[in-house]
2 protein chains.
Amino acid sequence: MTPPTRKKPERRTSPLSREQIVEAAVDLLDTAGEGGLTFRALSERLATGPGAIYWHVAGKTELLAAATDHAVTVALATGSAGTAETAGTAGSAGMAGMAETAGTAGTAGRIHDVGLGLFDAIERHPWLAPQLTAQLSHHPASPVTTRLFEAIGRQVYALDVPPSSWFTATSALMHYILGAAGQNAANLVRARDLGPEADRGAYLGTVAEAWKQLSPEGYPFTRALADQGLAHDDRAQFVAGIDLIVAGITARPPAS
Amino acid sequence: MTPPTRKKPERRTSPLSREQIVEAAVDLLDTAGEGGLTFRALSERLATGPGAIYWHVAGKTELLAAATDHAVTVALATGSAGTAETAGTAGSAGMAGMAETAGTAGTAGRIHDVGLGLFDAIERHPWLAPQLTAQLSHHPASPVTTRLFEAIGRQVYALDVPPSSWFTATSALMHYILGAAGQNAANLVRARDLGPEADRGAYLGTVAEAWKQLSPEGYPFTRALADQGLAHDDRAQFVAGIDLIVAGITARPPAS
DNA sequence: ACCTGAACACCGTTCAAGT
DNA sequence: ACCTGAACACCGTTCAAGT
């Protein structure tokens, strides 16, 4: 724009910041998938050289951790505050509000909020679930991990069960939330690259079809499930799983 | 050994087989971790060139899938058959046999078997849990994925709950099993490279210590948990989580 | 203090050439 | 039919050199 056309792709004038880098990384991850985050691609998008990024970030591991932290922070914030907004965006959820099923009434609702906050975040950022479990594995005491655990644990605390079951309950909820939300996000991605007009339903139809071809002797259960027509992992299914676990948490332990 | 010493590291005489490759891959994964599986390292271990592997395996993705399939097959087989042996190896589990808590008596025990079969397999192969969830995400109808789902689903079927809850129940169990077992395996790895004399307990002490440093306002739950002294994810903890979910599955849905 | 960009080591994958 | 190994494209990371 200023002088004639230049050869080099225009370097940036304002200085880089760590925040800009992390946001660009999240963007790249969302757009191009896990494999798309590259120091070269990222530096191009930021109009710098690869080396510049290393001034603000130690390496790829740290960059990934920062991106994960960023996305989770947003999710946890809107998860407790902007519930109405989040639920409004729900789309074809339908029965997503079948709450108030177990425990102290309002508490179950708040568990749904935390869960759905993460569900939505993972849907927006399909790379988030694998990344979070990796974070959980490699740095169990990292800030993100701890924040996630605390957010879920508080809801367990509110269920008013004996402290001895806190850890088990929180673990069960956390692993389910991460796993089921991750599965849902992955299904969406697979549906998307099945074609622009195909939705999650079309993709799940594919899976059901494959299941119906299984041998009746080897796979009686899976076949029966396919026959019953699975409309699986959308929000209602997800919430049903949370409720199931909450029911298990609040169930009196059987008299021995 | 035969003529004098040769320069090139001795090529193999017998022909390669896909099975050999997969087994060597599992071995390399176990020994060197996820990052250690390399076509060059693998081909060296097999006394060939990198290109040779491509004759039997399409690429790294397929190789990883095959390794995962192999490990899961072994786990699921010994999970139903060699229960006694598996449980015997339990080590310091202590109360791992507190079974028979919910549902039809024997059924809970069989769920424990399947769960612990996977738990042990993931402990032996720490790369297995991430790999399985990846497989679940990218190829939900793949053989491994389906076999895993069927194995867990059958136990759900045996619980004799309405078919409408089959999917939710199986999902909850599967995600918990994969998540909790993966967490346990990761803890073991972290403990291992904390030093040769450090065990899981020592490592978890580290985590608890970090948790105690958290701010009381921001992290009341996590702190309370740390104070109560966590002896977490060993087999008993793992089984407790399964029982919690089973309790949720068999709990009568609350009268609406 | 912050950025540049060539260079290094290493990766998955391909493929002409061998047997 | 099966294997060899050099070559290609691409990656994360480093670092002397610039401003």
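Since this is a predicted model, take the numbers as computed values, not measurements. Reminder, nothing fancy here: chain letters follow the sequence lines and each chain counts from 1. Computed from heavy atoms alone, side chains included, the values below leave out hydrogens, waters and symmetry copies.
- Scored by the salt bridge (charged side-chain N to carboxylate O under 4.0 Å, His left out) test, Asp30(A) finds no partners at all (sequence neighbours excluded).
- For His70(A), the ring-ring contact (aromatic ring centres under 6.0 Å, His included) test picks out no residue, with sequence neighbours left out.
- Scanning for ring-ring contact (aromatic ring centres under 6.0 Å, His included) contacts around Tyr219(B) gives an empty result, with sequence neighbours left out.
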Please output the side-chain donor-acceptor pairs of residues 49-60 of chain A that fall under 3.5 Å, not counting sequence neighbours, one pair per line with the distance.
residue, atom, partner, partner atom, Å
His56(A), NE2, Leu16(A), O, 3.4
Lys60(A), NZ, Leu37(A), O, 2.8

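- Counting only Watson-Crick and G-U wobble pairs whose two key distances fall under 3.5 Å, DNA chain C forms stems of three or more stacked pairs at C:4-8 with D:12-16, C:12-16 with D:4-8.
- In this structure, Trp55(B) places its CH2 atom 17 Å from P of dT19(C), rounding to the nearest Å.
- dT4(D) atom C1' lies 15 Å from atom CD of Glu44(B), rounded to whole Å.
- Whole-Å rounding puts the His56(A) NE2 to dA1(C) P distance at 12 Å.
- Judged as a side-chain contact (heavy atoms from CB on, under 4.5 Å), and not counting sequence neighbours, Pro15(B) has no contacts.
- Listed in residue order, the members of residues 15-32 of chain A having a heavy atom less than 4.0 Å from DNA chain C are Pro15(A), Leu16(A).
- Shown here are the side-chain contact (heavy atoms from CB on, under 4.5 Å) partners of Gln131(A), two or more places apart in sequence or in another chain: Glu34(A), Leu64(A), Thr68(A), Trp127(A).
- Take Ser142(A) and apply the side-chain contact (heavy atoms from CB on, under 4.5 Å) test, not counting sequence neighbours, and it matches Gln135(A), His139(A), Val144(A), Thr145(A).
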Once base and sugar-phosphate atoms are separated, protein heavy atoms under 4.0 Å mark nucleotides 12-17 of chain C, 5' to 3', with B, S and - as BBB---
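- For Ile53(B) and dC11(C), the CD1 to C1' distance is 13 Å, given to the nearest whole Å.
- Residues satisfying the ring-ring contact (aromatic ring centres under 6.0 Å, His included) criterion with Phe149(B), sequence neighbours excluded, are Trp211(A).
- Proximity of Thr133(A) to Thr133(B): side-chain heavy atoms (C-beta onward) are nowhere separated by under 4.5 Å.
- A search for side-chain contact (heavy atoms from CB on, under 4.5 Å) contacts involving Ala129(B) returns Ile122(B), not counting sequence neighbours.
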